[in-house]
> 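Take a look at this one; I'll ask things after.
Here is how names work: the chains are called A, B, and so on, in the same order as the sequence lines, proteins then strands, and each is numbered from 1.
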There are 2 protein chains.
Amino acid sequence: MSCSFSKQEQILQQFKGLTNQISPKFERCTGISASRYELLSQLYNTEEINQSTLQKAVNIDGAAITRHLKQLETSGMVARRRNPNDNRVIFVSLTEEGRQRIVEYRKENMGFVKQMLHDFTHEEVDALSDMMERMQTNISEY
Amino acid sequence: MSCSFSKQEQILQQFKGLTNQISPKFERCTGISASRYELLSQLYNTEEINQSTLQKAVNIDGAAITRHLKQLETSGMVARRRNPNDNRVIFVSLTEEGRQRIVEYRKENMGFVKQMLHDFTHEEVDALSDMMERMQTNISEY
DNA sequence: GTATTATATTTGACTGGTCAATGGATAGTG
DNA sequence: CACTATCCATTGACCAGTCAAATATAATAC
């Protein structure tokens with residue numbers, strides 16, 4: 001019992017340890033932070049999107065989103081404009097520049113992920129993804 | 001191919017998203033941050049330990065360790081003293097206070113983790129842990 | 001139509017991580 | 001013995017996330 005618990009406890013620490021390692025390496029490898037890459041990558045699939053729905057999609061606090069987007073805007077990769085029909089919301093979209101740059105980033109990103117999962121079967125990746133989703137819902141009520 | 005890649009890419013974002021969610025919830029639930037808990041929990045199993053070996057054990061940058069330990073010291077849970085035989089290294093240990101408090105923290109922690117993994121079989125936990133370890137070694141060279 | 005309530009974004013204060021540079025102590029080498 | 005290496009801990013500057021408070025706009029209820 002106590003052994004099983006300590007095993008489970010380790011999971012959490014392993015999780016944190018792993019992400020701590022991944023983030024800086026990802027950034028060094030690809031030239032962009034994982035969060036910004038995710039934002040761009042979300043935008044890549046849409047025309048224009050509410051900042052708030054974008055925020056929900058990437059699971060990061062709104063405050064951080066605001067800052068990331070402002071930075072991406074000043075670096076010329078995204079455009080922001082207010083929704084004329086509702087002046088509270090902001091529409092975000094990729095610029096041409098951003099649309100080109102993300103292709104490069106995507107390459108680097110794939111290289112990195114491929115290395116990280118190089119000995120994983122397709123089933124393992126699925127299982128891992130599934131387990132993470134379950135964890136997410138299991139703690140969502142907290 | 002491109003589909004499989006995008007699946008793999010998602011893993012990374014899922015990872016980051018999940019830890020982002022876990023950390024604040026863990027802290028709210030248990031009353032202590034995951035990193036500090038891990039430090040205390042490492043110390044619980046030893047008498048006295050080098051700060052640097054402690055640091056390697058928890059996979060956090062040394063700078064952060066210094067700050068955590070200082071804070072834990074002023075809150076009376078850990079003691080630090082220099083190694084008399086080598087004045088570079090610092091010995092860290094739990095105080096009595098710390099040894100008592102961690103028992104409480106451990107309870108909260110177990111509740112949290114149990115909830116997070118409540119629908120996981122023992123095999124799944126093992127598999128998950130195993131996969132994370134592999135990811136860790138796969139990117140360790142970067 | 002005004003008052004209240006709700007929503008979207010922003011800002012500020014705080015925490016926790018990284019890296020790079022520093023200081024002090026030891027080890028190794030000529 | 002001096003000189004250089006290295007090692008350990010610390011510090012400062014920076015980035016990314018959280019929460020809570022502020023702002024501005026929209027929607028709803030009398």
> Keeping A:D61 on the side-chain end and A:A63 on the backbone end, is there a donor-acceptor pair under 3.5 Å?
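Yes, because the side chain of A:D61 sits within donor-acceptor range (under 3.5 Å) of the backbone of A:A63.
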> If you find the nucleotide of DNA chain C closest to A:D61 and the one closest to A:R28, which residue's nucleotide is nearer the 5' end?
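Closer to the 5' end of DNA chain C: A:D61.
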> Going by purine N1 to pyrimidine N3 plus the second Watson-Crick contact, or the G-U wobble pair, all under 3.5 Å, which nucleotide sits opposite D:dA5?
none
> Whole Å only: how far is the CD1 atom of B:I65 from the C1' atom of D:dC8?
13 Å
> Calculate the interatomic distance between B:K70 atom NZ and C:dT15 atom C1'; express it in whole Å.
17 Å
> Describe, in one word, how the ring planes of B:F112 and B:F26 are oriented to each other, choosing from parallel (under 30°), tilted (30 to 60°) and perpendicular (over 60°).
perpendicular
> Would you kindly compare B:A64 and A:A64 by the position of their nearest DNA chain D nucleotide and give the one closer to the 5′ end?
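Nearer the 5' end of the strand: B:A64.
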> Identify which nucleotide among C:dT11, D:dT25, D:dA9 has an atom closest to any side-chain atom of B:S52, counting heavy atoms from C-beta outward.
D:dA9
> So does A:H68 get a side-chain nitrogen or oxygen closer than 4.0 Å to the phosphate oxygens (OP1/OP2) of D:dG17?
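Answer yes for this pair, as a side-chain N or O of A:H68 is under 4.0 Å from OP1 or OP2.
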> Grab the CG-P distance between A:N59 and D:dG17 for me, whole Å please.
11 Å
> Rounded to the nearest angstrom, tell me the gap between atom CG in B:N85 and atom P in D:dC8.
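Distance, rounded to whole Å: 15 Å.
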> From the options D:dT6, D:dA26, D:dG17, select the nucleotide whose nearest atom is closest to the side chain of A:N87.
D:dA26
> Whole Å only: how far is the CZ atom of B:R81 from the C1' atom of D:dA9?
16 Å
> Contact class for B:S23 (heavy atom, under 4.0 Å): base, sugar-phosphate, or nothing?
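It contacts nothing in the nucleic acid.
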> Would you please confirm or rule out a distance under 4.0 Å between OP1 or OP2 of D:dG17 and any side-chain N or O of A:R36?
no
> D:dA22: syn or anti, with syn meaning chi within 90° of zero?
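Because its glycosidic torsion lies more than 90° from 0, D:dA22 adopts the anti conformation.
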> Could you tell me the separation between the CG atom of A:L18 and the P atom of C:dT18, rounded to a whole number of Å?
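Roughly 13 Å, once rounded to whole Å.
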> Mapping A:A63 and B:K56 to their closest nucleotides on DNA chain D, which lands nearer the 5' end?
B:K56
> Can you tell me how far C1' of C:dT15 sits from CZ of B:F26, to the nearest Å?
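Checked: the CZ to C1' distance equals 16 Å.
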> Which atom pair, heavy atoms only, marks the closest approach of B:H68 to B:S35?
NE2-CB, 3.8 Å
> Both distances below 3.5 Å, Watson-Crick or wobble geometry, any strand: find the nucleotide opposite C:dT26.
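Answer to the pairing question: none, since C:dT26 forms no Watson-Crick or G-U pair.
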> Give a yes or no on whether the backbone of B:D119 and the side-chain of A:R134 come within a donor-acceptor separation of less than 3.5 Å.
yes
> Taking only the side-chain nitrogens and oxygens of B:K16, find out if one of them lies under 4.0 Å from OP1 or OP2 of D:dG17.
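Looking at the OP1 and OP2 atoms of D:dG17, one of them is under 4.0 Å from a side-chain N or O of B:K16.
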> B:R82 side chain N/O closer than 4.0 Å to the phosphate oxygens (OP1, OP2) of D:dA9?
no
> Do A:Q51 and A:T66 have side-chain N/O donor and acceptor atoms under 3.5 Å apart?
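Side-chain D/A pair, A:Q51 to A:T66: present.
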> B:Q51 has a side chain; which of D:dT10, D:dA16, C:dA8 sits nearest to it?
D:dT10
> Nearest heavy atom decides the nucleotide; on that basis, is B:I60 or A:T66 closer to the 5' end of DNA chain C?
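The residue mapped nearer the 5' terminus is A:T66.
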> Think B:K25 has a side-chain N or O under 4.0 angstrom from the OP1 or OP2 of D:dT18?
no
> Identify the two heavy atoms, one from B:S23 and one from A:K16, that lie closest to each other, and give their separation to 0.1 Å.
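Minimum heavy-atom separation between B:S23 and A:K16: OG-CE, 4.2 Å.
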> Measure from the side chain of B:R88, starting at C-beta and using heavy atoms only, and say which of D:dT10, C:dA27, C:dC19 lies closest.
C:dA27
> Does the base of D:dT18 carry an N or O that pairs as donor and acceptor with the side chain of A:R67 under 3.5 Å?
yes
> How many whole angstroms separate atom CZ of B:F91 from atom P of D:dA9?
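My rounded result for the distance is 10 Å.
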